[in-house]
Amino acid sequence: MPTVPTDPTTRAEAYRKHARDGTSAPVLLWWVSSFDGWLLLDGHDRAVAALAEGRDPVRLVLSRAPDDEAWRRTADEVTAGHERRVARLDARPRPWADRQRATMERAYGDVMSWLPYEHAPTRCWPLPGGPAAWDEIAARVMFECRSD
């Protein structure tokens, strides 16, 4: 991993240089379904430096993958729907059927190629001890953010 100076100005310049050179460490993102978006866990300065250089930051994404049974069920449903549409097209031949079939095949391929990459919902569980346990944990870490 590249070394980065401790002085803020020099550090920002170093991050920008690494972004230009393509040697920057990836930023760590977590897909959170309830946010319907990304939570940046690590690498805010590297992300800002890359964006300032007109580049997309290198990313490492954490997400829950769907279980294989759910994926297979979805794939089977998508395939069955595609086969029904193709059968309807075959039942009524038209001059433009070849183009329509090609479009349907591309769409089916696009949907199937995205299935394994969809994110499963982010789960949460109640904290044992409830609100009192949360207050205790928050009190222990409050020294880092006294103004809160």
Side-chain angles (χ1 to χ4, degrees), residues 1-131 133-135 137-138 141 144-145 148:
M1 183 162 166
T3 59
V4 178
T6 56
D7 174 55
T9 304
T10 309
R11 185 172 58 234
E13 292 169 1
Y15 279 137
R16 288 185 73 159
K17 180 182 182 314
H18 286 298
R20 281 191 305 273
D21 296 344
T23 58
S24 183
V27 299
L28 181 61
L29 300 172
W30 180 26
W31 174 260
V32 180
S33 59
S34 61
F35 297 165
D36 193 23
W38 305 101
L39 181 64
L40 180 59
L41 298 177
D42 182 52
H44 178 269
D45 292 336
R46 293 188 306 274
V48 169
L51 293 171
E53 291 297 319
R55 300 175 181 261
D56 285 335
V58 178
R59 298 165 302 277
L60 180 63
V61 175
L62 298 175
S63 66
R64 291 187 67 241
D67 66 355
D68 191 52
E69 183 180 320
W71 182 90
R72 176 56 47 206
R73 188 173 44 251
T74 303
D76 290 345
E77 289 171 8
V78 168
T79 300
H82 172 70
E83 289 170 350
R84 282 191 304 271
R85 286 186 291 280
V86 168
R88 279 195 307 264
L89 181 66
D90 290 343
R92 297 184 308 175
R94 298 181 181 129
W96 60 85
D98 289 341
R99 284 183 298 173
Q100 192 171 5
R101 177 187 293 280
T103 300
M104 291 168 64
E105 293 295 336
R106 276 193 306 276
Y108 172 69
D110 288 345
V111 169
M112 292 302 288
S113 71
W114 277 99
L115 282 182
Y117 302 107
E118 290 180 351
H119 306 289
T122 307
R123 300 193 185 266
C124 62
W125 294 268
L127 181 66
W134 175 260
D135 291 341
I137 292 168
V141 298
E144 293 180 23
C145 305
D148 291 348

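Side chains included, hydrogens not; waters and symmetry mates left out as well; all remaining heavy atoms used. In this chain, residues are counted from 1 in sequence order.
- Pairing each heavy atom of Ala97 with each of Leu89, the nearest pair is O-CD2, 3.8 Å.
- Ring-plane geometry between Tyr108 and His82 is classed as parallel, the angle between the planes falling under 30 degrees on a 0 to 90 degree scale with a further cut at 60.
- Residues Ala50 and Asp56 come closest through the heavy atom pair CB-C, 4.3 Å.
- Among residues at least two apart or in separate chains, salt bridge (charged side-chain N to carboxylate O under 4.0 Å, His left out) pairs with a member in residues 92-112 are Asp90-Arg101.
- Partners of Asp42 under the side chain to side chain donor-acceptor pair (under 3.5 Å) rule, at least two apart in sequence or in another chain, are Arg46.
- Each salt bridge (charged side-chain N to carboxylate O under 4.0 Å, His left out) pair with one or both residues in residues 70-88, not counting sequence neighbours, appears once here: Glu69-Arg73, Arg72-Asp76.
- Closest non-hydrogen pair, Arg16 versus Ala52, comes out as NH2-O, 3.4 Å.
- Heavy atoms only, all atoms of each residue included: Met104 and Val86 are closest at CE-N, 3.6 Å.
- Counting only residues at least two apart or in different chains, salt bridge (charged side-chain N to carboxylate O under 4.0 Å, His left out) contacts with residues 19-28 comprise Lys17-Asp21, Arg20-Glu53.
- In this structure the side chain of Val61 reaches within 4.5 angstrom of the side chain of Trp38, judged on heavy atoms.
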key: Derivation of the side-chain contact (heavy atoms from CB on, under 4.5 Å) call for Asp36 and Trp31   = CA-CA 8 Å; Asp36 193 23; Trp31 174 260; 3.6 Å; yes

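- Residues passing the side-chain contact (heavy atoms from CB on, under 4.5 Å) test with Leu41 are Leu28, Trp30, Leu39, Leu62, sequence neighbours excluded.
- What you find for Pro26 and Leu60 is that their closest heavy atoms are CB-N, 4.1 Å.
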